[in-house]
Amino acid sequence: MSLLQKASIITTPTAYAEDYLYSIKPAYALGSELVTNGTFDTDSDWTKGTGWTISGGVASNSGSGSYLTSTSSFRWEIGKKYRVSFEITAYNSGQVSLPFDGTGGNLNYQNSVGVKTAIIVAQATNPIYIYSSSFNGSIDNVSVKEITDADFDFDRNS
């Protein structure tokens, strides 16, 4: 049987050569942004706990253990898959988390500058919030997007 006859929906061929079948794995599809003002362009759309401030396009904490909570109407939907991320733009000490009340990768206890990303499956219906565990630094670009690609099982003859 030739390689082209063995092709499936998983390996739709984009090119082939003798004994090789080249294909492109599709990327997962993302829904629209679910965080309002995740870029902190204004001092709005977030309830700031002790030590949190929003200014100059970032949210900063002075080292307190408190929450920064989104005031949007979004709540995690149990069983749905999301891509969550945020960027630590300045770090002095402590840790910061984007708790998601789900399973999968996590963004808990981050303590270095850079973009932090995880894929999660929601297990509760809480709002989006950032938690500071004595974090002294700044964050930006908080993002939550639902992964909207289809997951299903099939066999070759389906």
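Numbering starts at 1 and runs along the sequence shown. Just so you know, these numbers use all the heavy atoms, side chains as well, and skip hydrogens, waters and symmetry mates.
Between S70 and P127 there is no side-chain heavy-atom pair separated by less than 4.5 Å. Side-chain contact between K145 and E33 is present, with at least one heavy-atom pair separated by less than 4.5 Å.
Rounding to the nearest 0.5 angstrom, the gap separating the CD atom in Q110 from the CG atom in L98 is 9.5 Å. In this structure, CD in E87 is found 12.0 Å from OG in S143, a value given to the nearest 0.5 Å. Taking CG from N126 and CD1 from I128, the interatomic distance works out to 11.0 Å, rounded to the nearest 0.5 Å. The CG atom of L68 lies 8.5 Å from the CG atom of N61; values are rounded to the nearest 0.5 Å. The structure places CG of N108 at 10.0 Å from OG of S133, a figure rounded to the nearest 0.5 Å. Atom CD of E146 sits about 7.0 Å away from atom CG of L34, to the nearest 0.5 Å.
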Item to check | Audit row: W52, I130, side-chain contact (heavy atoms from CB on, under 4.5 Å) steps and yes/no | outcome: CA-CA 10 Å; W52 284 102; I130 306 294; 3.8 Å; yes
Checklist entry - Do V121 and K80 pass the side-chain contact (heavy atoms from CB on, under 4.5 Å) test, and can you show the C-alpha distance, the side-chain angles, and the key distance before you say yes or no? => result CA-CA 5 Å; V121 177; K80 288 196 175 184; over 6 Å; no
Next on the checklist: Let's go through V144 and W76 carefully: what are the C-alpha distance in whole Å and the side-chain angles of both, what is the deciding distance for side-chain contact (heavy atoms from CB on, under 4.5 Å) to 0.1 Å, and is it a yes or a no?
Outcome noted: CA-CA 10 Å; V144 173; W76 302 108; 3.5 Å; yes
Checklist entry - Can you list the steps and then say if E77 with T125 is a side-chain contact (heavy atoms from CB on, under 4.5 Å)? => result CA-CA 6 Å; E77 290 188 49; T125 58; over 6 Å; no
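Side-chain N or O atoms of S66 include one that pairs as donor or acceptor with a backbone N or O of T50 at under 3.5 Å. Checked by atom type and distance alone, the side chain of N111 never pairs as donor or acceptor with a backbone atom of G94 at under 3.5 Å. At distances below 3.5 Å, at least one donor-acceptor pair connects side-chain atoms of T71 with backbone N or O atoms of D45. No donor-acceptor pair under 3.5 Å is formed between the side chain of S132 and the backbone N or O of V96.
Looking at every heavy atom in both residues, T36 comes nearest to W46 through O-NE1, 3.6 Å. When all heavy atoms of F135 and Q95 are compared, the closest pair comes out as CB-O, 3.1 Å. Taking each heavy atom of T148 and G31 in turn, the nearest pair found is CG2-N, 3.8 Å. Residues Y82 and A122 approach most closely at CE1-CB, 3.8 Å, considering heavy atoms. Annotation for R83 and I147: closest pair N-CG1, 4.0 Å, computed over non-hydrogen atoms. I54 and T42 get closest at one heavy-atom pair: CG2-O, 3.4 Å.
Between Y131 and Y67, the ring-plane angle classifies as tilted under the 30° and 60° cut-offs.
By the rule that hydrophobic residues join a cluster once side-chain heavy atoms approach within less than 4.5 Å of another member, F74 and V142 end up as members of one cluster. Both F40 and Y91 belong to a single network of hydrophobic side chains, linked directly or stepwise wherever heavy atoms of I, L, V, M, F, W or Y lie under 4.5 Å apart. No path of Ile, Leu, Val, Met, Phe, Trp and Tyr side chains, each step under 4.5 Å between heavy atoms, connects V115 with I139, placing them in separate hydrophobic clusters.
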